[in-house]
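What follows is a single structure, written as structure tokens, with notes after it.
Keep in mind that the numbers below use all heavy atoms, side chains included, and drop hydrogens, waters and symmetry copies. Sequence lines set the chain letters: A, B, ... in the order given, protein chains first and strands last, and positions in each chain run from 1.
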Protein chains: 2
Amino acid sequence: MTETRVPVPTLERLAIYLRVLLDAHESGIQTLSSQEIEQYSGISAAQFRKDLSYFGEFGKPGVGYSVEALIERIERILRLDAEQPILLVGAGNIGSALVGYPNFQAHRLRIAAVFDNNFVKIGRPFGDLIIEDIARVREVNAQIGARLGIIAVPAHAAQEVADALVEAGVTGILNFAPTILRVPPHVHVRNVSFLQELAVLSYHAVEDALRVNGQARRGGKDGV
Amino acid sequence: MTETRVPVPTLERLAIYLRVLLDAHESGIQTLSSQEIEQYSGISAAQFRKDLSYFGEFGKPGVGYSVEALIERIERILRLDAEQPILLVGAGNIGSALVGYPNFQAHRLRIAAVFDNNFVKIGRPFGDLIIEDIARVREVNAQIGARLGIIAVPAHAAQEVADALVEAGVTGILNFAPTILRVPPHVHVRNVSFLQELAVLSYHAVEDALRVNGQARRGGKDGV
DNA sequence: GCGCAATTGTGAACGCCTTCACAAACACGC
DNA sequence: GCGTGTTTGTGAAGGCGTTCACAATTGCGC
């Protein structure tokens with residue numbers, strides 16, 4: 001039933017292509033070959049063509065891809081052709097950064113409401129918005145109809161917020177809290193974890209430093 | 001030469017295990033089986049055991065893993081056993097959120113210096129730190145010796161900052177700017193892209209909504 | 001119109017990570 | 001001590017996404 005024919009990595013790359021194409025469009029470029037897209041995106045030409053092939057044919061052999069048409073196509077695929085309202089929960093540091101993030105606009109993503117559970121914050125302005133009570137999320141989203149939500153609260157509160165968002169009709173959650181969220185199968189979660197990213201970099205950065213210094217790795221697997 | 005024996009996904013999961021283990025440790029739990037870790041982390045027991053096998057043996061058959069010892073082991077693998085200083089570039093919204101992010105501490109990650117190129121900001125306090133001139137990054141890092149850097153500047157300035165960080169001795173970069181960074185082969189980059197994450201969610205959220213409504217997909221691949 | 005150069009779309013080969021399945025190791029009770 | 005139940009560590013199998021390679025298609029110049 002849940003036919004996820006399109007690989008998730010492909011979707012992730014579509015967003016990258018879109019960015020490259022928007023840049024090119026702004027520069028007045030009208031046509032791009034997969035080869036050129038490789039130059040700008042760092043993703044191989046073959047990969048690009050394969051990714052697009054999941055959604056049909058679009059380029060012209062010997063010519064390439066129409067920048068404008070491809071932008072429209074990818075936007076339609078990613079449902080970024082119409083404005084996507086988003087519910088933000090958590091009016092703290094991260095929430096603040098997100099409200100002020102300038103790049104959403106270009107992708108027609110808009111934070112349509114902000115929630116918190118701290119009664120001191122509720123009612124206060126937050127960017128262009130007023131912080132609302134998380135208890136009212138369902139009520140508010142009955143008006144907005146958002147399918148996307150962002151969780152930017154401390155880890156211990158994240159699950160509760162996730163439940164509330166799902167209750168309110170959200171089917172896609174971007175989670176900044178360092179916790180595993182339990183959600184119904186029809187809801188998609190993507191986690192953003194600075195710590196995880198930094199941990200991976202930490203491993204590589206120092207690992208490489210040891211190699212560069214010509215320092216021998218202590219023998220066997222145990223020498224880590 | 002560059003023997004990356006350990007898969008990157010494994011490293012990403014190590015950070016997750018570490019979090020689970022730290023939680024368990026705090027709860028006074030002394031031993032965990034791979035089965036129980038699956039419960040808490042959402043990652044399969046087999047995967048967990050396989051991941052650990054890259055670094056040697058550690059559990060005891062019939063018993064499980066010592067929480068405390070495993071924490072130490074993973075911290076050593078990820079180089080989080082000693083404090084890791086980090087250079088942050090960009091004293092804007094995102095930079096502000098990062099400086100205020102409370103969870104770094106538990107992983108011994110510390111933002112050791114903040115840089116910007118805006119002379120209005122330079123010299124001002126930023127969290128516990130004073131904003132320094134990005135032009136001095138090399139000089140400053142000669143003292144700090146950081147191998148990790150975070151780029152939290154607008155896309156158009158990101159490449160220049162990356163070059164400066166590499167010059168200053170950084171070998172791992174966490175990039176928040178929506179651009180592909182060109183770096184020497186010994187430098188590792190990981191990108192954090194809210195837009196990309198939201199785009200993927202946008203696809204799924206609406207895709208599923210259509211299915212739930214029982215709305216037939218328009219025929220063929222083109223019906224996207 | 002026709003040959004040539006460029007570029008697409010895609011089946012097939014490949015490689016890598018995940019999952020499986022089981023022998024080996026250990027605790028515990030009797 | 002020995003049998004039983006549990007859990008680990010890991011080769012082998014499997015699945016999935018990437019890369020390869022090439023036939024098909026188009027533009028362009030002559």
| Do the non-hydrogen side-chain atoms of A:V153 and A:V89 ever get within less than 4.5 Å of each other? |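 Yes; the side chains approach each other to less than 4.5 Å.
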
| query | Taking the side chain as C-beta and beyond, is there a heavy-atom pair between A:H204 and B:V8 under 4.5 Å? | reply |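 Answer yes - side chains close enough.
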
| What pair of heavy atoms forms the shortest contact from B:A146 to B:N141, and how long is it? |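 Answer, listing the atom of B:A146 first, then B:N141: N-OD1, 2.7 Å.
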
Using a strict threshold of under 4.0 Å (side-chain N to carboxylate O), is an ion pair present between [Y] and [X]?
| X | Y | value |
| --- | --- | --- |
| B:D51 | B:R13 | yes |
| B:R190 | B:E12 | yes |
| A:E83 | A:R110 | yes |

Is there a side-chain contact between [X] and the phosphate of [N], meaning an N or O under 4.0 Å from OP1 or OP2?
| X | N | value |
| --- | --- | --- |
| B:R49 | C:dT19 | no |
| A:Y54 | D:dG17 | no |
| A:Q47 | D:dG17 | no |
| A:R13 | D:dT18 | yes |
| A:S53 | C:dG9 | no |

Whole angstrom is fine here: how far is it from [atom1] in [X] over to [atom2] in [N]?
| X | N | atom1 | atom2 | answer |
| --- | --- | --- | --- | --- |
| B:K50 | D:dG15 | NZ | P | 17 Å |
| B:F55 | D:dT10 | CZ | C1' | 16 Å |
| A:L52 | C:dT10 | CG | C1' | 13 Å |
| B:I43 | C:dT19 | CD1 | C1' | 14 Å |
| A:E38 | C:dA6 | CD | C1' | 16 Å |
| A:F48 | C:dT10 | CZ | P | 14 Å |
| B:F58 | C:dA24 | CZ | P | 24 Å |
| B:D51 | C:dT19 | CG | C1' | 12 Å |

| field | Heavy-atom protein contacts under 4.0 Å, nucleotides 24-30 of chain D, coded B base, S sugar-phosphate only, - none | value | -BBS---

Given [options], the nucleotide with the shortest approach to the side chain of [X]:
| X | options | answer |
| --- | --- | --- |
| A:E57 | C:dC17, D:dT10, C:dG9 | C:dG9 |
| A:S34 | C:dT8, D:dG17, D:dT10 | C:dT8 |
| A:A46 | D:dC20, D:dT8, D:dT18 | D:dC20 |

| said: Check for me whether the distance between the ring centres of A:Y17 and A:F48 falls short of 6.0 Å. | reply: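 Ring centres of A:F48 and A:Y17 closer than 6.0 Å.
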
